[in-house]
Amino acid sequence: MVRRKWVVRWARVAALLIVIAALPGWRPVPAAAAGEAGTFVSLRPARILDTRTGNGATGPVASDSTIHVQVTGRGGVPATGVSAVVLNVTVTDAPRSGYITVYPDDGTPRPTASNLNYPPGDTRANLVTVKLGPTGGIALSNTSGGTAQLVADVAGYFVAGTPSLPGAFASLSPTRVLDTRKNLGATGPVAPNFTIHVQISGEAGVPATGVSAVVLNVTETDAQGSGYVTVYPDQTTQPTASNLNYPKGDTRANLVTVKLGANGKVAMTNNNLGTVQLVADVAGYYLAGTPSAVGSFVSLSPTRVLDTRKNLGATGPVGSNKTVYVQVTTKAQVPAQGVWAVVLNVTVTNAQKSGYVTVFPDQTTKPTASNLNYPAGDTRANLVTVKLGANGKIALTNNSGGTAQLVADVAGYYRSDFHTFSGSGTFVVGTDIVAGTYRTTTNATNCYWERDSGFSRTASDIIANNLTDFHDVVTIEPSDAGFYTESCGWWTTDLSPITSSPTAGFGSGTMIVNTDIAPGLWRAPGGSACYWVRLSGFNADASTILANDYGVTGPTVSIHAGDAGFYSEGCGTWTKIG
């Protein structure tokens, strides 16, 4: 094999001023949402509200008061073109019991619905799917006799417009469809080990026909014993899954995404030796049909993909501050390719000490977010919408001083048009892989790749190549015959950000402008090994170099909005200064 560096790479050839125009497959993050109406765009978890620090709103939130939080234009959510968002909302530091209602900030009265119920002094989280108000905001009401601190991490958003495609989501203002305390939807209390059957289609704004699945916030209260609730399509066998775990006497809520039975109903089983009252508020629904569009939802009957108690998916218990990696694609009817994100119900049990679980895409840095908060000895569940790593895996970190057992049941997935591949060797373009712009998912040591015009494995076949220890990006042209890669790990056409935010700073590797990093004036410490280059494209052609230099004395570089990428190595961390 011939390992020949580019004759002119965005590395070290003096006097090279390298370029780049629009390239096939390169998709910068737009100012407005792109995609079909009602389709989902998965995001790296980002914090958009923390009243403890004044992020999004100032706290603590007073008793019986409402805060208004701007969502669009923040946390990766576009400024326009968004109908609804998926948020993980957490309450903490509450001296009295109460509940939180999350709803569109559109000037209408607070609905009769709850998203998150809590006792005094506890820290609790729940996933929320909420429609946005006309200015892109949401309202959160603290219906309690005391103050509370609120935190929210955004996981993705739905594209605005009138949904018409199979698997597209139609958001609704929260509407109660079940309350067994009032015999609404079913008669209560629900008896021990008994199942109720709740009509969803034709109720609470859900159409009578053409609906595949529904999003419900399910709450239990007045439980006469500990147990759990399983929600599943009516007229099907109850699966080995839990949606809502609870002890005697507590009130708890959890978001549920559930496929409808053929009769438009869902079944809810009270797995408990005592009675319980159940409440459900509908937040939206998915259109029926065979989903094919990017971001459309494929609903599944709940299936277990992780149970560390039984060493299913990962070995347990999960150690203190340890991370487990769970394969999701090829499991539980989730296909090997074409999956953007999955919807999972995650449960923690047998926890030695209090803590929280963070769920995030594998091969990415753990975000500053929590999905499931728990005290020692409790069993708790929360719905999670999480993007997959390029390898089809998710990571779950037990942020605790003790061990914990983790369980996860998959409820469905969102489709993507991303292409991924891994391994060492030659891939035939158009047969093994499609042309487009790819990036590596990790900083792989001695990652070598080359674009080839033929398969003689001689230097004359090499169109461009590189050897790097950092994240790299390359455009494989349709005219290329093959692509050779070695020790690079996974390649993906998912060009989502690899930085925590476009302005947060970055280190060595190839960064995509307007996605990983924002245009503007950037500065790095520099050093004897510092080299940087502004790029107009990623096909490794000499013409793609816009400007380059060594930065021994500490470089200051203006990165333009029209640049495609920026490569640096050995310069330290770049900081935005203008």
Side-chain angles (χ1 to χ4, degrees), residues 36-40 83-84 86 103-104 111-115 127-131 158 161-180 182-188 190 194-219 229-239 241 243-244 253-270 278-293 295-302 333 343 345 383 385 411-414:
E36 300 289 347
T39 56
F40 182 72
S83 64
V86 177
Y103 54 103
T112 307
S114 65
N115 296 92
L127 198 69
V128 175
T129 297
V130 57
K131 187 176 181 179
F158 293 95
T162 302
S164 61
L165 298 177
F169 180 73
S171 57
L172 299 170
S173 293
T175 305
R176 188 143 291 174
V177 71
L178 169 70
D179 191 338
T180 59
K182 301 178 180 180
N183 296 333
L184 170 66
T187 301
V190 182
F194 187 76
T195 300
I196 60 173
H197 308 272
V198 184
Q199 184 68 43
I200 299 297
S201 58
E203 305 291 336
V206 179
T209 60
V211 176
S212 64
V214 68
V215 178
L216 300 167
N217 197 72
V218 178
T219 304
V229 176
T230 302
V231 186
Y232 52 103
D234 196 28
Q235 298 178 321
T236 66
T237 303
Q238 181 188 344
N243 296 93
L244 178 58
N254 197 15
L255 196 69
V256 175
T257 296
V258 57
K259 190 175 181 179
L260 295 185
N263 56 2
K265 294 182 179 182
V266 298
M268 300 183 180
T269 299
N270 170 32
L278 296 179
V279 180
D281 303 305
V282 64
Y285 59 89
Y286 293 94
L287 298 183
T290 302
S292 60
S296 58
F297 183 70
V298 180
S299 58
L300 301 170
S301 293
Q333 303 177 61
V343 177
N345 197 71
L383 197 68
T385 297
Y413 63 90
Y414 294 98

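Two residues are said to be in side-chain contact when any heavy atoms from C-beta on lie closer than 4.5 Å; S212 and P233 fail this criterion. Contact of the V229 side chain with the V256 side chain is not registered, since no non-hydrogen atoms from C-beta on lie closer than 4.5 Å. Put simply, the side chain of V266 does not reach to within 4.5 Å of the side chain of Y232, judged on heavy atoms. L184 places none of its side-chain heavy atoms less than 4.5 Å from the side chain of L178. Taking 4.5 Å as the limit, every side-chain heavy atom of I200 sits out of range of all side-chain heavy atoms of V211. R176 places a side-chain heavy atom less than 4.5 Å from the side chain of D281.
Panel note: side chain N243, backbone V231; a donor-acceptor pair is recorded below 3.5 Å. Using modelled atom types, no side-chain atom of N217 and backbone atom of A253 make a donor-acceptor pair closer than 3.5 Å. Side chain of T180 to backbone of T187: no donor-acceptor contact under 3.5 angstrom is found.
The distance from the CG atom of L278 to the CE atom of M268 is 6.5 Å, given to the nearest 0.5 Å. Note that the OG1 atom of T219 and the CG atom of L255 stand 10.0 Å from one another [nearest 0.5 Å]. Here the CD atom belonging to Q333 is positioned 10.0 Å from the OG atom belonging to S299, to the nearest 0.5 angstrom. Taken to the nearest 0.5 Å, the NZ atom of K259 stands 5.0 Å off from the OG atom of S301. The CG atom of L216 sits 11.0 Å away from the OG1 atom of T175 when rounded to the nearest 0.5 Å. The CD atom of E36 lies 7.0 Å from the OG atom of S164; values are rounded to the nearest 0.5 Å.
Residues satisfying the side-chain hydrogen bond (donor to acceptor under 3.5 Å, both in side chains) test with Y413, not counting sequence neighbours, are none. Partners of P163 by side chain to side chain contact (heavy atoms under 4.5 Å, CB included), not counting sequence neighbours, listed by chain and number: A168, A170, L287.
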> Please walk me through it: do V206 and L172 pass side-chain contact (heavy atoms from CB on, under 4.5 Å)?
Replying inline: CA-CA 9 Å; V206 179; L172 299 170; 4.1 Å; yes
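What you find for T269 and Q238 is that their closest heavy atoms are CG2-OE1, 3.5 Å. Closest of all the heavy-atom pairs between Y414 and G295 is CD2-O, 3.5 Å. Pairing each heavy atom of G38 with each of F158, the nearest pair is O-CD2, 3.6 Å. For the pair T230 and A241, the tightest heavy-atom approach, listed with the atom from each and the gap, is OG1-O, 2.6 Å. For the residue pair I196 and A186, the shortest heavy atom distance occurs at CD1-CB, 3.9 Å.
F169 pairs in a ring-ring contact (aromatic ring centres under 6.0 Å, His included) with only one of the listed residues (F297, F40, Y286), which is Y286.
Looking only at atom types and distance, the side chain of N254 has a donor-acceptor partner in the side chain of N345 under 3.5 Å away.
The side-chain hydrogen bond (donor to acceptor under 3.5 Å, both in side chains) contacts involving residues 196-210 comprise H197-D234, Q199-S201, where partners must be two or more places apart or lie in separate chains.
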